[in-house]
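Just so it is clear: chains get the letters A, B, ... in the order the sequence lines come, proteins before strands, and each one is counted from 1. All of these numbers come straight from a predicted model, not from anything done at the bench. Note: hydrogens, waters and symmetry copies are ignored here, and every other heavy atom, side chains too, is used.
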Amino acid sequence: MRDVLPEQIPAWERLEGTARRLAHGCGYREIRPALLEETRLFTRSVGEVTDIVQKEMFTLVRGDDSFSLRPEGTAGTVRAYLEAQYHKQAPFQKLYYIGPMFRYERPQKGRERMFTQFGVECIGSTDPRLDAEAIDLAAGFFEALGIPRADGRGGGLEVRLNSMGDGADRDRYRDAVRAFLLPTIAEHCELCRSRFEKNPLRVLDCKNPRCQELNAGAPRILDFLSAENRAHFDAVRASLADLGRDSRVDAGIVRGLDYYTRTVFELHYPKLGARSALCGGGRYDHLVRDLGGPDLGAVGFAIGFTSTLLVLEELGLLGELAAKPADVYVAALDAALAREALQVCAELRRGGLSAVFDAEGRGLKSQFKQADKGRHPLVVVLGPDEHARGAVQLKHMARGEQREVPRGELAAAARAALGS
RNA sequence: GUGAGUGUAGCUCAGUCGGUUAGAGCACCAGAUUGUGGUUCUGGGGGUCGCGGGUUCGAGUCCCGUCACUCACCCCA
């Protein structure tokens, strides 16, 4: 398990802050769904035969009850939506979340058992402009962090788009793929032969060169879309163009979760290699109905913070981030002034400043080193001579200037020194 | 779940053919200045060599097991 340590918090706050700002800009409101759900919620929504449900859930069984840590955010969000009765009062809801997800698998670069996702779920409409808006929001998130757009040579961020059609389209497509593969399936790799049985569409994703040759000329899902779904897909692309957003149709995108319909998309940073997808999402027009509500359209995405941070690190975009230190470091010349140090800190805090004191018994020189290393802009020195006069020394570290100020004026003087 | 790799100081790592007291750089602490930071110099502290077992006169080094982490596959954020 990986912890987020204080040194990394500025980077995380930047991701969270960017996510919130952009989501709010599109009218999304934050929701914090439960981390623990009934296992049945995920088997019903994500799908019985998906990898997530079959082998990646952390599940706790107590008697007849079975609960699982959420492996993704959409199911819980829709469950919360229905439980809050939004579908009766105000069915159109734009909701976003930032929080941990859990999948039991072998960790590797960009993949962890506990990871954080920023996701949005727009429930209550099938308007294709919302698909485009969501894609633009996701891409805008990465751009706001400084990740460049695709440059056509494998650098930058790529938007890949596809449509999976609706249930009927997909059934016809699956039959066509099966018919296409049947004559050559014996020549495919072992893995593909087993995939052919349970999910022939996955054969098309195989990276084996021989299999790819055999897959050339395979039917494309886009050719099997109903007129209505085709129109929806075209409208999404037109809206993306209206937003000035380039996208590439990638017939290979077949989202792994059962609830997806029509629009599916991924955002990739190809230089990351095997694990290049930074964001995945799409439309799930029947999930609300499948979970017991009315048949409402919905679209959403999820962005992984782990891989986002990986990209930012690779691009050197995290270097300058540092936590803000306390305004004042209070140094005491000897142990007799220890109590005064605490009092002075309290006075400064009442004056609206942050302040810290030495608690390791350091000498004055060492306290200055600490103040310097901690990048505290101001140091207050408590000495016996000043104490006798009811005063303290106030030093501005960057300027190297120091002067004596009466105790009673310290907070005001410190504020003034900081402000200038 | 499958395959491979790596575990030595806080961090990055060296450690010969198995041989005495396990090293370096950085970081940390102290002094050089008995009331003042960043540079410099000098000195210092710190390691059950992941853990357990085995071989051996002797194991950081070889063997077995185990745990953790990393990378890849599967799949995905």
Side-chain angles (χ1 to χ4, degrees), chain A residues 1-2 5 7 15 46 49-56 70-74 97-119 138 141-142 189-192 194-195 198-199 202 205-208 253-257 260 264-269 272-282 300-311 329 331-334 337 358 360-387 392-402 404:
Chain A
M1 297 298 147
R2 199 167 61 94
L5 299 174
E7 289 77 10
L15 296 200
V46 173
V49 298
T50 57
D51 279 4
I52 287 182
V53 165
Q54 286 185 327
K55 56 180 192 182
E56 293 178 3
R70 61 182 188 185
E72 56 96 54
T74 301
Y97 53 83
I98 296 171
M101 307 293 164
F102 306 85
R103 292 188 200 172
Y104 184 70
E105 20 174 17
R106 292 284 290 269
Q108 61 182 275
K109 184 159 71 174
R111 184 170 78 188
E112 298 163 305
R113 287 175 173 167
M114 174 174 158
F115 56 101
T116 300
Q117 280 188 340
F118 159 47
F141 170 77
F142 295 110
C189 67
E190 192 180 342
L191 195 55
C192 280
S194 73
R195 282 171 174 157
K198 54 176 197 188
N199 187 356
R202 292 226 55 86
D205 291 344
C206 187
K207 283 138 200 147
N208 182 313
I253 298 177
V254 184
R255 311 252 73 240
L257 315 187
Y260 281 109
V264 286
F265 63 91
E266 293 177 355
L267 270 57
H268 282 259
Y269 189 78
L272 275 191
R275 188 60 198 74
S276 68
L278 298 179
C279 169
F301 66 72
I303 287 172
F305 272 18
T306 309
S307 33
T308 302
L309 285 166
L310 229 46
V311 176
Y329 184 99
L333 235 152
D334 58 60
L337 294 159
D358 168 58
E360 295 174 282
R362 292 173 182 275
L364 185 64
K365 185 187 183 68
S366 177
Q367 291 183 68
F368 264 92
K369 281 187 178 172
Q370 284 297 114
D372 186 53
K373 198 164 48 179
R375 300 188 312 160
H376 301 287
L378 300 177
V379 171
V380 166
V381 182
L382 309 178
D385 301 346
E386 291 85 347
H387 180 72
V392 301
Q393 295 289 333
L394 176 63
K395 180 164 186 174
H396 190 288
M397 291 294 274
R399 288 193 203 135
E401 292 169 4
Q402 179 173 321
E404 186 166 315

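- Within 4.0 Å of A:E360, counting heavy atoms only, lies no atom of the nucleic acid at all.
- An aromatic stacking contact between A:F305 and the base of B:rA77 is absent, as defined here by ring centres under 5.5 Å apart and ring planes under 30° from parallel.
- Looking at heavy-atom distances under 4.0 Å, A:E112 makes contact with a base.
- The separation between A:L5 atom CG and B:rC11 atom P is 12 Å, rounded to whole Å.
- Applying the salt bridge (Lys or Arg N to Asp or Glu O under 4.0 Å) criterion to A:E386, with sequence neighbours excluded, gives no partner residue.
- Put simply, the side chain of A:Q117 never gets that close to the backbone of A:I98: no donor and acceptor are under 3.5 Å apart.
- Taking atom CG of A:D334 as the reference point, atom C1' of B:rU34 lies 13 Å away to the nearest angstrom.
- Residue A:H376 contributes atom NE2, which lies 15 Å from atom C1' of B:rU36 at whole-angstrom precision.
- Separation of the C1' atoms belonging to B:rU16 and B:rG23 is 14 Å when rounded to the nearest angstrom.
- If you find the closest nucleotide of RNA chain B to A:K395 and to A:P107, the one lying nearer the 5' end belongs to A:K395.
- Distance noted for atom C1' between B:rC63 and B:rU55: 7 Å (whole Å).
- The separation of B:rC51 from B:rU56, taken at their P atoms, amounts to 23 Å, rounded to a whole angstrom.
- Remark: C1' of B:rC75 and CD of A:E72 are 15 Å apart, rounded to the nearest angstrom.
- Salt-bridge annotation for A:R362 and A:E360: present, with a side-chain N of the basic residue lying under 4.0 Å from a carboxylate O of the acidic one.
- Atom pair A:E386:CD and B:rG35:C1' shows a separation of 8 Å (rounding to whole Å applied).
- Remark: C1' of B:rC76 and CZ of A:F265 are 15 Å apart, rounded to the nearest angstrom.
- Within 4.0 Å of A:G400, counting heavy atoms only, lies at least one base atom of the nucleic acid.
- In this structure, A:P377 and A:M397 have side chains that are not in contact, with every pair of non-hydrogen atoms separated by 4.5 Å or more.
- Taking atom P on both nucleotides, B:rG25 is separated from B:rU66 by 39 Å, rounded to a whole Å.
- One P atom belongs to B:rG7, the other to B:rC62, and the distance between them is 10 Å to the nearest Å.
- Atom C1' of B:rA9 sits at a distance of 11 Å from the matching atom of B:rA22, rounded to the whole Å.
- Along RNA chain B, the nucleotide closest to A:G383 and the one closest to A:G363 are compared, and the more 5′ of them pairs with A:G363.
- At distances below 3.5 Å, at least one donor-acceptor pair connects side-chain atoms of A:R113 with backbone N or O atoms of A:E105.
- In terms of polar N and O atoms assigned as donor or acceptor, the side chain of A:Q402 comes within less than 3.5 Å of the base of B:rU36 in a complementary pairing.
- Donor-acceptor pairing under 3.5 Å, judged by distance alone, is present between the side chain of A:R106 and the base of B:rG3.
- The interatomic distance linking A:E401 (CD) with B:rU36 (P) rounds to 19 Å, in whole Å.
- Contact of the A:Q370 side chain with the A:D358 side chain is not registered, since no non-hydrogen atoms from C-beta on lie closer than 4.5 Å.
- In this structure, the nucleotide among B:rA72, B:rG35, B:rC75 sitting nearest to the side chain of A:Q108 is B:rA72.
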Report summary line: Base-pair string, RNA chain B, Watson-Crick plus G-U, cut-off 3.5 Å on both distances, | for inter-strand, is (((((((..((((.....[...)))).(((((.......))))).....(((((..]....))))))))))))....
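- Of all nucleotides listed (B:rG37, B:rC29, B:rA77), B:rC29 comes nearest to the side chain of A:K373.
- Remark: the A:R111 side chain and the B:rC75 base include a donor-acceptor N/O pair separated by less than 3.5 Å.
- Nucleotides B:rA27 and B:rU12 are separated by 11 Å at their C1' atoms, to the nearest Å.
- Ring centroid separation for the pair A:F141 and A:F118 comes in under the 6.0 Å cut-off.
- A side-chain donor-acceptor contact under 3.5 Å links A:R70 to the backbone of A:P100.
- The side chain of A:R362 has B:rC29 as its nearest neighbour among B:rC29, B:rG1, B:rA77.
- With A:D372 contributing its side chain and A:R375 its backbone, the two residues share no donor-acceptor pair below 3.5 Å.
- You won't find any donor-acceptor pair under 3.5 Å spanning the side chain of A:K365 and the base of B:rU36, going by distance alone.
- Residue contacts for A:S366: at a heavy-atom cut-off of 4.0 Å it reaches the sugar-phosphate backbone alone, with no base atom in range.
- With hydrogens and angles ignored, no donor-acceptor pair under 3.5 angstrom links the side chain of A:Q367 to the base of B:rG35.
- Rounded to a whole Å, the CD atom of A:E105 is 13 Å from the P atom of B:rC71.
- The residues A:E401 and A:K395 are annotated as not salt-bridged, no charged nitrogen and carboxylate oxygen being separated by less than 4.0 angstrom.
- Going from the C1' atom of B:rC29 to that of B:rG10 covers 13 Å, rounded to whole Å.
- With hydrogens and angles ignored, no donor-acceptor pair closer than 3.5 Å exists between the side chain of A:E266 and the base of B:rA77.
- Among the heavy atoms of the strands lying under 4.0 Å from A:D385 is at least one base atom, whether or not backbone atoms are also near.
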